[in-house]
Every structure is written in structure tokens, then in C-alpha cells.
Amino acid sequence: MNTTSNSLFSLDASYVKQFQEQLLTWYSENKRTLPWRENQDPYRVWVSEIMLQQTRVDTVIPYFERFTSLFPTLEDLAYADEEKVLKAWEGLGYYSRVRNLQTAVKEVCESYGGKVPDTPKEIAGLKGVGPYTAGAILSIAYGIPEPAVDGNVMRVLSRILLIDEDISKPRTRILFEKGVRELISHEDPSSFNQAMMELGALICTPKSPACLLCPMRELCKGFNQGMQHELPVKLGKTKVRKAKMSAGILSGEDGRFLIHKRPSEGLLANMWEFPNTEYVGENKNAETEALKGYLDQNIGVKVVLEEKAGYIEHVFSHLKWEINIWQGKLLEDIEELPKDWKWVTADELDQYPFPVSHQKIIRLIKEEIIV
DNA sequence: AACCCGGGGGT
DNA sequence: ACCCCAGGGTT
């Protein structure tokens with residue numbers, strides 16, 4: 001603990017200069033060609049940063065191409081139909097990201113004349129823009145020397161500076177931001193921040209870092225003390241709750257299927273799904289009775305579940321769905337479906353945003369049932 | 001501070 | 001099976 005030094009990590013000027021030179025030289029020679037690096041359009045930088053939250057570069061690339069082609073400018077996104085926007089995000093996960101993004105670009109249109117703000121306070125005030133994303137946009141799009149500390153940066157810096165604070169604690173990010181403020185290049189903040197992340201992605205990887213290829217090796221306290229494999233320190237648990245679910249592929253007289261739009265808050269908000277409910281209990285009937293009860297309660301109709309159509313498992317970061325899928329029919333006609341319920345044909349299913357778990361059910365319909 | 005929020009790929 | 005990913009919002 002450096003309580004006497006006014007420099008938190010005892011980083012003298014020559015260390016900082018070497019750090020920047022080694023890092024920026026390596027980056028200029030090794031950076032990947034990525035679609036969001038084609039220019040510095042703040043809107044495109046913003047979209048990329050939101051997509052990249054908790055999501056790998058290789059996954060994001062095709063989504064970014066398609067999304068920016070559908071919504072080329074900030075105004076295009078601001079005035080787009082939310083369902084179209086969700087559809088463009090389908091499969092990426094964390095769907096609140098794009099709902100918040102659309103809220104935020106509307107705010108930029110209304111309050112900032114359509115120009116993405118360039119001050120920390122204004123930009124951090126936008127929905128879905130936290131400390132990382134604020135720093136990323138300010139540095140990458142506007143060249144402002146703000147830290148952008150993500151998981152890569154914490155891993156890289158924890159090794160180079162030999163910091164063994166628990167990176168799962170929120171306050172630890174603040175510590176790393178102070179480190180970046182001491183190290184960041186004021187000549188090229190954009191490249192500096194991107195280089196830290198690029199190094200984390202390509203060299204200083206979580207499991208087996210390629211220290212022998214690393215441009216920072218001689219400056220790396222972790223490597224020099226043989227501690228690179230012990231860092232970063234990350235504590236905390238992840239326990240996954242299991243939920244037993246029953247879902248219905250329910251068809252009407254005309255061969256359409258019944259689907260439901262999820263509530264505007266919570267898990268998979270505003271996404272569509274096949275009617276389903278969680279049940280408890282082991283006996284065989286619990287599975288079907290729960291689904292029948294759910295449908296009776298929500299649309300006031302009795303159904304018959306004729307045949308088990310399959311079983312699907314879907315794992316979230318915090319939850320595992322074990323879904324029994326039943327094929328069935330309504331026992332009576334229904335005058336008018338409640339809001340958020342619809343009859344759609346098999347072809348029309350493609351127009352609605354479904355989470356991957358329910359895309360698996362669509363696959364069952366198209367491959368097996370063939371109505 | 002603790003919990004919620006998806007999905008995929010690497011090991 | 002477990003980890004982690006260019007994190008943020010809510011309570």
C-alpha cells in the first residue's frame with residue numbers, strides 16, 4: 001500500500017513513457033481490422049461499445065454490420081420501431097442494452113441536437129452508458145483522455161502492476177481508473193484504451209497468457225514475479241438456479257400458433273415466446289397441469305395437450321430452464337385474445353423477436369411438426 | 001453491496 | 001463443467 005506516495009502505483013515518468021511506447025507500438029502493428037474502426041463516428045463507436053458489453057468481438061461483428069446497415073445514423077435508430085430494433089438484436093442477449101440505447105439516442109436527438117455529447121457528465125447521464133462506455137466513447141470517438149476500464153483492462157493492469165484486489169468488487173474498478181489516469185497517453189487516448197483491451201484479448205488472455213509474445217513483458221511486475229497465472233484475483237460465486245418449465249405449441253383451426261409478448265420489464269423484456277410457465281413437483285401431471293392452468297388463467301381457455309413434442313435445456317448466466325414442450329389444441333374458440341397474445345403462422349414466426357430458448361421451439365415446429 | 005440481465009466460445 | 005466476455009441497472 002502506497003500511502004506516502006502521491007502517485008498511487010509509484011509510477012515514475014520514465015516507466016509511464018516506456019509503458020505508452022511499448023503498448024502503442026505493439027498496437028499499431030497488431031491491431032485487428034474491425035468494422036467500428038473504419039471511422040470515429042461517435043454513433044458507430046457507441047453502438048459497438050454497447051454490443052461489446054459482455055460479448056465477444058467475433059460474435060459482435062456480423063450484428064454490428066447488420067445493425068448499422070439497418071440503422072445507419074443516430075436519427076434512424078431514434079425513430080425506428082422498437083420491435084424492428086429488438087429483431088436486429090435477436091440472439092445477442094442482454095436485450096435491455098438495445099432498449100436503453102434507443103432511449104438514449106432519442107435523448108441525444110431531443111436534448112443535444114443529435115450530436116453525441118462529449119463531456120463525462122452529459123454522456124454518463126445517458127441510459128445504458130456506465131463508466132466504461134462513457135470513457136470508451138469519449139476516448140475513442142473524441143480523443144479525450146478518460147479511462148475505459150473493462151474486464152480486459154483489469155486483467156492486464158492487475159498483472160502488469162501486480163494488483164491483487166478482488167476485481168469482482170465495484171470499488172476495485174475505481175482503483176484501476178486511477179492507474180489508467182496515470183498511464184494514459186494524452187497524445188492518443190483512443191489508441192491507448194483500445195490497445196489495453198486488444199492486448200487483453202490477444203496476448204494477456206485469462207487462462208494462458210502469451211507472455212513470451214507480450215510487448216509489456218519487461219514492464220510487467222506480475223510476469224517478473226511469476227504471478228501472472230494467479231492474477232487477476234476474482235472472488236465470488238455463481239450459483240445457477242434450475243427452473244422446470246412447460247411450454248405449449250398450441251395450434252388453432254387454421255394451423256396458426258399461439259404466441260405471447262413478455263412484459264416490458266425483467267427477464268427477456270418485450271421478447272416473444274410460446275406460452276409457458278414454471279412448475280414445481282416431480283409427478284408427471286404437474287408438468288401439464290401447470291401449463292393448462294396458466295392458459296386458463298391468462299386467456300380463459302381450456303386446452304388439451306396431446307403429445308409431448310420435445311425437451312429443451314437453456315442455460316442463462318444465473319438460471320437454467322428445463323423446458324418440456326407439449327403440442328396441443330384449444331378446446332373452445334376464443335372471441336378475442338388479450339393484449340400481447342397473438343395467433344401467427346409458422347412463416348410469420350420469423351418476424352417476431354424470440355429469445356434463443358424459444359427459437360429452439362420454432363426449430364422443432366419447422367423440422368418435426370410440419371402442420 | 002448484491003442481485004438481475006443472454007448467449008456463446010474457450011479450456 | 002466452468003469461466004469469461006470492450007458492463008449497466010435496480011434495489
Side-chain angles (χ1 to χ4, degrees), chain A residues 31-32 34-37 44-64 86 89-101 103-104 123-141 147-156 166-174 176-177 180 190 192-202 204-209 229 232 234-241 262-271 273 313-321 353-360:
Chain A
K31 66 179 173 188
R32 291 167 289 183
L34 299 171
W36 47 91
R37 287 180 178 162
R44 288 168 61 91
V45 171
W46 187 0
V47 170
S48 75
E49 291 304 337
I50 300 299
M51 285 190 172
L52 286 161
Q53 288 170 7
Q54 300 302 104
T55 312
R56 286 167 205 282
V57 165
D58 291 339
T59 303
V60 165
I61 290 172
Y63 279 94
F64 180 83
L86 269 179
W89 207 267
E90 182 186 69
L92 254 190
Y94 286 129
Y95 301 96
S96 67
R97 288 186 293 177
V98 76
R99 299 195 302 124
N100 290 338
L101 175 60
T103 301
I123 202 159
L126 297 169
K127 199 82 171 169
V129 178
Y132 163 75
T133 305
I137 297 173
L138 289 170
S139 61
I140 297 171
V149 173
D150 71 337
N152 283 307
V153 173
M154 288 198 282
R155 183 174 60 257
V156 168
D166 176 9
I167 67 166
S168 66
K169 293 202 178 308
R171 75 154 61 83
T172 304
R173 197 200 70 249
I174 311 284
F176 283 103
E177 287 175 350
V180 171
S190 168
F192 182 93
N193 280 341
Q194 292 186 78
M196 290 290 283
M197 296 187 275
E198 199 83 341
L199 190 70
L202 300 180
C204 197
T205 52
K207 295 294 182 187
S208 34
H229 297 292
K234 185 171 189 175
L235 307 176
K237 284 287 157 295
T238 50
K239 53 178 170 200
V240 177
R241 187 177 77 87
R262 296 176 61 89
S264 61
E265 293 183 350
L267 182 65
L268 302 169
N270 287 358
M271 303 289 282
E273 65 183 2
E313 292 184 342
H314 190 80
V315 180
F316 302 86
S317 45
H318 59 296
L319 181 66
K320 179 178 180 182
W321 277 353
F354 284 88
V356 168
S357 49
H358 285 245
Q359 289 176 35
K360 293 173 182 172

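Order of the sequence lines fixes the chain letters, A, B, ..., with proteins taken first and strands second; residue numbering starts at 1 for each chain.
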Considering only heavy atoms and no angle criterion, is a donor-acceptor pair shorter than 3.5 Å present between the side chain of [X] and the base of [N]?
{"X": "A:T55", "N": "B:dG6", "value": "yes"}
{"X": "A:R56", "N": "C:dC4", "value": "yes"}
{"X": "A:S317", "N": "B:dG6", "value": "yes"}

* To do: Please tell me which of A:E265 and A:A136 maps to the more 5' nucleotide of DNA chain C, matching each residue to the nucleotide holding its nearest heavy atom.
  =>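 Taking each residue's closest nucleotide, the earlier one in sequence belongs to A:A136.
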
* Of A:K207 and A:R37, whose nearest nucleotide on DNA chain C comes first from the 5' end? ->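 The residue closer to the strand's 5' end, by nearest nucleotide, is A:K207.
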
[X] side-chain proximity, nearest of [options]:
{"X": "A:P170", "options": "B:dA1, B:dC5, C:dA6", "result": "B:dA1"}
{"X": "A:H314", "options": "C:dG7, B:dC4, B:dG7", "result": "B:dG7"}
{"X": "A:E49", "options": "C:dA6, B:dC5, C:dG7", "result": "C:dA6"}

For [X], answer base if it contacts any base atom (sugar-phosphate contacts may also be present), sugar-phosphate if it contacts only those atoms, and nothing otherwise; contact means non-hydrogen atoms under 4.0 Å.
{"X": "A:R155", "value": "sugar-phosphate"}
{"X": "A:L268", "value": "sugar-phosphate"}
{"X": "A:V153", "value": "nothing"}
{"X": "A:K127", "value": "sugar-phosphate"}
{"X": "A:G200", "value": "nothing"}
{"X": "A:W46", "value": "nothing"}
{"X": "A:F316", "value": "sugar-phosphate"}
{"X": "A:T133", "value": "sugar-phosphate"}

Tell me the interatomic distance from [X], atom [atom1], to [N], atom [atom2], rounded to whole angstroms.
{"X": "A:N152", "N": "C:dC3", "atom1": "CG", "atom2": "P", "result": "18 Å"}
{"X": "A:M271", "N": "B:dC5", "atom1": "CE", "atom2": "C1'", "result": "12 Å"}
{"X": "A:N193", "N": "C:dA6", "atom1": "CG", "atom2": "C1'", "result": "10 Å"}
{"X": "A:M197", "N": "C:dC4", "atom1": "CE", "atom2": "C1'", "result": "16 Å"}
{"X": "A:Q54", "N": "C:dG9", "atom1": "CD", "atom2": "P", "result": "13 Å"}
{"X": "A:I167", "N": "C:dC3", "atom1": "CD1", "atom2": "P", "result": "13 Å"}
{"X": "A:N100", "N": "B:dC5", "atom1": "CG", "atom2": "P", "result": "14 Å"}
{"X": "A:Y95", "N": "B:dG8", "atom1": "OH", "atom2": "P", "result": "8 Å"}

Phosphate OP1/OP2 of [N] contacted by [X] side-chain N/O (<4.0 Å):
{"X": "A:R97", "N": "C:dG7", "result": "no"}
{"X": "A:H318", "N": "B:dC5", "result": "yes"}
{"X": "A:Q53", "N": "C:dA6", "result": "no"}

* To do: Answer yes or no: is there an ion pair linking A:E273 with A:R262, defined by an N-O contact shorter than 4.0 Å?
  =>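 Between A:R262 and A:E273 there is a salt bridge, with a charged N closer than 4.0 Å to a carboxylate O.
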
* Could you tell me whether A:W89 and A:Y94 have their ring centroids closer than 6.0 angstrom? =>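 Centroid separation for A:W89 and A:Y94: 6.0 Å or greater.
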
* For B:dG6, which nucleotide in any strand shown is its Watson-Crick or wobble partner with both distances under 3.5 Å? ->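 Base-paired to nothing in any strand shown.
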
* Asked: How about A:E49 and A:Y132: does a side-chain donor come under 3.5 Å of a side-chain acceptor?
  ->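 Yes, A:Y132 and A:E49 have a side-chain donor paired with an acceptor closer than 3.5 Å.
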
* Donor + acceptor pair across side chains of A:R97, A:Q54 (<3.5 Å) ->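 Checked: A:R97/A:Q54 side chains show no N/O donor-acceptor pair below 3.5 Å.
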
* Identify the heavy atoms of A:R155 and A:P232 that sit nearest to each other, and give their distance. =>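 In this case the closest contact between A:R155 and A:P232 is CG-CD, 3.5 Å.
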
* **Given DNA chain B, 5'-ward residue of the pair A:K169 and A:V356, judged by closest heavy atom** =>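 Nearest-nucleotide comparison on DNA chain B picks A:K169.
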
* **First encountered from the 5' end of DNA chain B, between A:S208 and A:L267** =>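 Looking at the nearest nucleotide for each, A:L267 comes out on the 5' side.
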
* **Backbone of A:V149 reached by a side-chain donor or acceptor of A:R173 within 3.5 Å** =>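 No.
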
* Asked: A:S168 side chain to A:L235 main-chain N or O, any donor-acceptor pair under 3.5 Å?
  ->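 Flag set: sc A:S168 to bb A:L235 pair under 3.5 Å.
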
* Asked: With rounding to whole Å, what would you report as the distance between C:dA6 and B:dC5 at their P atoms?
  ->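 Rounded to whole Å, the distance is 23 Å.
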
* On a whole-Å scale, what distance lies between the P atoms belonging to B:dG6 and C:dT10? ->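 It works out to 14 Å between them.
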
